[in-house]
There are 2 protein chains.
Amino acid sequence: MPNSPVSAKDVAELAGVSRAAVSRCFTPGASVSPETRAKILKAADKLGYQVNRLASGLIRNESGIIALICAELSTPYRSQLLAALTAALQRAGKVALVINTDRSDGSVEQALRQAISYRTDAAVFLSGMPAKSLAETCRRNGMRLVLINRDEGYPGSLLVRLADAEAGRRAVGLLQAAGCRKLALASSCADTPSLVGRERGFRAAATKAGLDWIELRHGTTSYETGLELGMSLLTRQDRPDGIFCTTDLMACGIIDCARWRFGIRVPDDLSLIGFDDIPQSGWEGYELTTFQQPVDEIAEKSVEWLLTGGASETAEEVSFVPILKPRKSLRRGFDPDVRALP
Amino acid sequence: MPNSPVSAKDVAELAGVSRAAVSRCFTPGASVSPETRAKILKAADKLGYQVNRLASGLIRNESGIIALICAELSTPYRSQLLAALTAALQRAGKVALVINTDRSDGSVEQALRQAISYRTDAAVFLSGMPAKSLAETCRRNGMRLVLINRDEGYPGSLLVRLADAEAGRRAVGLLQAAGCRKLALASSCADTPSLVGRERGFRAAATKAGLDWIELRHGTTSYETGLELGMSLLTRQDRPDGIFCTTDLMACGIIDCARWRFGIRVPDDLSLIGFDDIPQSGWEGYELTTFQQPVDEIAEKSVEWLLTGGASETAEEVSFVPILKPRKSLRRGFDPDVRALP
DNA sequence: CTGAAAGCGCTTACAG
DNA sequence: CTGAAAGCGCTTACAG
C-alpha cells in the first residue's frame, strides 16, 4: 500500500524514458514522438498517474484555480450564478475555489488573501468589492479580477454590468401601462450597486412622468424583508396598486403578504414587477413578471475573458440588459406586446 | 511593477534572516524567538507577503484544499448544504474546491480525478458516489472521503447518514393522526439512497398499519415534477387526502398544483408532509410540515472528522435524525404534541 | 533559536 | 524528438 501518489518519475521509470518526456506528454503543444507518447500514456494509465497541479502550478505560475468570492451563496440568485460559473470554469479546464464572505469587516479582504495564497489565476467577485490597494496587489501578482454587478472597475479588471437603471425605468412604464394609479418602489437597505441602480432608474422615470410614488426600504435582501415591506406598504391609507420590487426574493414575500395576510389579489388589486428571475418566480403561486438576469451569459463571458485577454491596463467592461419576463403579476388588459412599451 | 509575488526569500532579505526562519514564522508550533518573529512579521507585512500554499502544500503533502463534489448545486437543499460546508471549512482554515457533476457518465470520476490532481486533502460527496476502485486510489493517496447520504461507506471514509426510513415511517403515523383516509407516497425517479430510504420507511409503516396506499414516482427531483405528481395524484378517482412527498421541492409543486389548478385546500382537503426543510417550505404560501435536515450539524461533523481522525481502516459512520418541523400542511385538530405521536 | 542544505514534483530552456 | 540540469517557493531534518 504505497502511501505516496505516483509521480512523473515513477511513470518515467516504467516507460523507460526521462521525467522530462513524461512532463511533455502532458503539456499541450510540447513535442513528443508518437511512440514515446504511447509508451508513457500506457505507463501513466497503469500507475494511475495524475499530474500534480500543485507542482505544475508552482512552476508554470498558473494554478488553474479561479476564486469565486461570494456572500450568502445559498440564496436562489447567487446559487444559480455560482452554478453557472463553476460549470463554465470546468468546461474551460479550470477549477473553482469558493470562498464565502459574510457581513463582517475584513471578510472580503481575507477571502482575497486566501485566493492570493493559493495563487489563483483570478478572482471573481459575485458580491462585495475588494479595496483598491488589495486589487492593486492582485494585479501585481498577475491575478485577474472580474467584478460582477459592481460600480466601478479597476485597471486590468473586467466589470460585468447589468442595465439596472434601465430596468427600473421600464418598470415604471410597465406599471403605468397596466393601469396602476399609485406606484411604489420597494427595496432592501443593502445598498449594493445593483439595487441602487434599479432604484435610481425607477425614480428617474417616475419623476419624469410626473408621478408621485411611495418609496420604502427595509432590512436585508430576503423573503422575510418582502413580508415586512408588504406589511408597511399594504396597510397604508394610500395603498399602492403597483410595486416595483428590486429583487424577486423580496417580491415573493410581498406577494405572500398581500395574498395571505390581506387577501389582496395579484394582479387584480396589485401589480408587481421583480428583478432576477429566480426559479421561484416561475412557481405557480407567484407567476411574477420580472427582469431576467442572464446568468449563463454572465458566466460564459466572464470565463471567456479570463481565458483570453492580455492584461490590459484599462478597466474593461461588458454590459448585459436584463430581459423582461412577462408572467402574471401585471394586471391583465395591458398590451402583451412588450416591445411597444417604454 | 514587479510582476512576481513576493516570496519568503524577499522577506528574509528585508528582515535580515534566513528563509528558513521566515518559513518557521508562519508554521504553527515552530520555534522562533520573539525578536526575529517581530522582525519577520514586520517585513512580511510591508511586502504584503502571503505564504505560497501551492509550494507549502507540495512539500507538506497537505494542500488545505477540500473538494466538494456535487450535482445541481443551485437547488435549495444543495446550496444550503454547500454554504454550510464551505463556511465550516473556512472556519477550520481550509478551503473549498467546488466541482460540479452532471448526469453524464464518468462525471463523478472526472471530478475525483480533478481533486486528486490538486492533491486535495479530502473529497466530500454531496451527491453521487465514486467507484470503489477510485475510492481506493484516493485512500492510497492519503485523501479522505466523506459520503453524505450514501448507502455504504468505504474503508477509511466517513459515511454521514440520515434516518430516512424513520422519517418515512413517522410520516405515515402523522398522516393517520391527521385523519387522512387515503395515503399516497410521492417521489421522483432519482433513486438516490435518501429517496429510497424514505420510500422504504413509508411502505413499511403503511404495510404494518394495514393501509392501502397509492405510490407514484416521476421524473427528476424538482418543483416541476411536483406539479406533475400533483396532476396524476389529484385527478384520480380515489384521490388521496394525505401525501408524503420525499422532497420539499416536489411538495411545493404538489401544493401549487392542488391549490391553483384544482382549488384543493391544504390542509383542509389535503394533508402533506415533505422532507428537507428548504427555506421555501417556510414561506407563507406553503407552510409545509416537513422533516428538517440538520445541514449545519452535518457540515460541522464532516469537517470535524476531516480535521481529526487517524485514517482508520474501517468505514466510520454518523447518523442524524431529521427533526419534524410542524407547520400548517397537516390537517388541524391533530394533536400538536408531536412527541406523543408514533 | 538559527542557518545551510536537501528535497517535494514539476517545467523549461539548453544541448545534442 | 529527447535527456540532464536548473529552478519554482516552500519545509524540514541536521548541525551548531
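Chain identifiers are assigned alphabetically (A, B, ...) following the order of the sequence lines, protein sequences preceding nucleic acid strands; residue numbering begins at 1 within each chain. The figures that follow rest on heavy atoms only: side chains count, while hydrogens, waters and symmetry mates do not.
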(request) Could you name each residue pair satisfying ring-ring contact (aromatic ring centres under 6.0 Å, His included) that touches residues 85-126 of chain B, not counting sequence neighbours? (result) none
(request) Enumerate, in order of first residue number, the stems that involve DNA chain D, defined as 3 or more consecutive Watson-Crick or G-U wobble pairs with both distances under 3.5 Å. (result) C:1-3 with D:14-16, C:5-12 with D:5-12, C:14-16 with D:1-3
Can you pull every protein N or O that's under 3.5 Å from an N or O on nucleotides 14-16 of chain D?
none

(message) Taking E62(A) first and then R53(A), would you say they form a salt bridge - that is, a charged N and a carboxylate O separated by under 4.0 Å?
(response) no
(message) Among residues at least two apart in sequence or on other chains, which ones pass salt bridge (Lys or Arg N to Asp or Glu O under 4.0 Å) with D191(A)?
(response) R217(A)
(request) Could you identify which residues of residues 27-36 of chain B place a heavy atom less than 4.0 Å from some atom of DNA chain D, listed by residue number, or say none? (result) none
(request) Check the distance between dC8(D)'s P and I59(A)'s CD1 and give it to me in whole angstrom. (result) 7 Å
(message) Classify A20(B) by what it touches in the nucleic acid, base, sugar-phosphate, or nothing, heavy-atom distance under 4.0 Å.
(response) base
(request) Provide, to the nearest angstrom, the distance between the CZ atom belonging to R60(A) and the P atom belonging to dA13(C). (result) 12 Å
(request) With a 4.0 Å heavy-atom cut-off, tell me which residues in residues 113-123 of chain B come close to DNA chain D, sorted by residue number. (result) none
(request) Round to a whole Å and report the spacing from CG of L58(A) to P of dC8(D). (result) 9 Å
(message) Rounding to an integer number of Å, can you tell me how far E62(B) CD sits from dG9(C) P?
(response) 16 Å
Using atom types as modelled, flag every donor-acceptor pair under 3.5 Å from a side chain in residues 19-32 of chain A to any protein atom, sequence neighbours excluded.
residue	atom	partner	partner atom	Å
T27(A)	OG1	S23(A)	O	2.8

(request) Keeping the roles fixed (side chain from S7(A), backbone from K9(A)), state whether a donor-acceptor pair exists under 3.5 Å. (result) yes
(message) Going by the rule salt bridge (Lys or Arg N to Asp or Glu O under 4.0 Å), which residues pair with R150(A) if we only count those two or more places apart in sequence or in a different chain?
(response) none
(request) Please work out which residues in residues 37-56 of chain A have a non-hydrogen atom less than 4.0 Å from an atom of DNA chain D and list them by number. (result) none
(request) Look only at the side chain of R119(A) and the backbone of I116(A), and say whether a donor-acceptor pair between them is shorter than 3.5 Å. (result) yes
Under 3.5 Å, side-chain donor or acceptor atoms of residues 294-301 of chain B against the rest of the protein: list the pairs with distances, not counting sequence neighbours.
residue	atom	partner	partner atom	Å
E300(B)	OE1	R91(B)	NH2	3.0

(message) Would you say S7(A) places a side-chain N or O within less than 4.0 Å of OP1 or OP2 belonging to dG9(C)?
(response) no
(message) Contact between R161(A) and V318(A) at the side-chain level, heavy atoms closer than 4.5 Å - yes or no?
(response) no
(request) Using modelled atom types only, decide if a donor and an acceptor are shared between the side chain of S79(B) and the backbone of S79(A) within a distance under 3.5 Å. (result) no
(request) Quick one: list whatever passes side chain to side chain donor-acceptor pair (under 3.5 Å) with T192(B), sequence neighbours left out. (result) none
(message) My understanding is that only residues two or more places apart in sequence, or in another chain, count here; which of them pass side chain to side chain contact (heavy atoms under 4.5 Å, CB included) with E152(A)?
(response) M129(A)
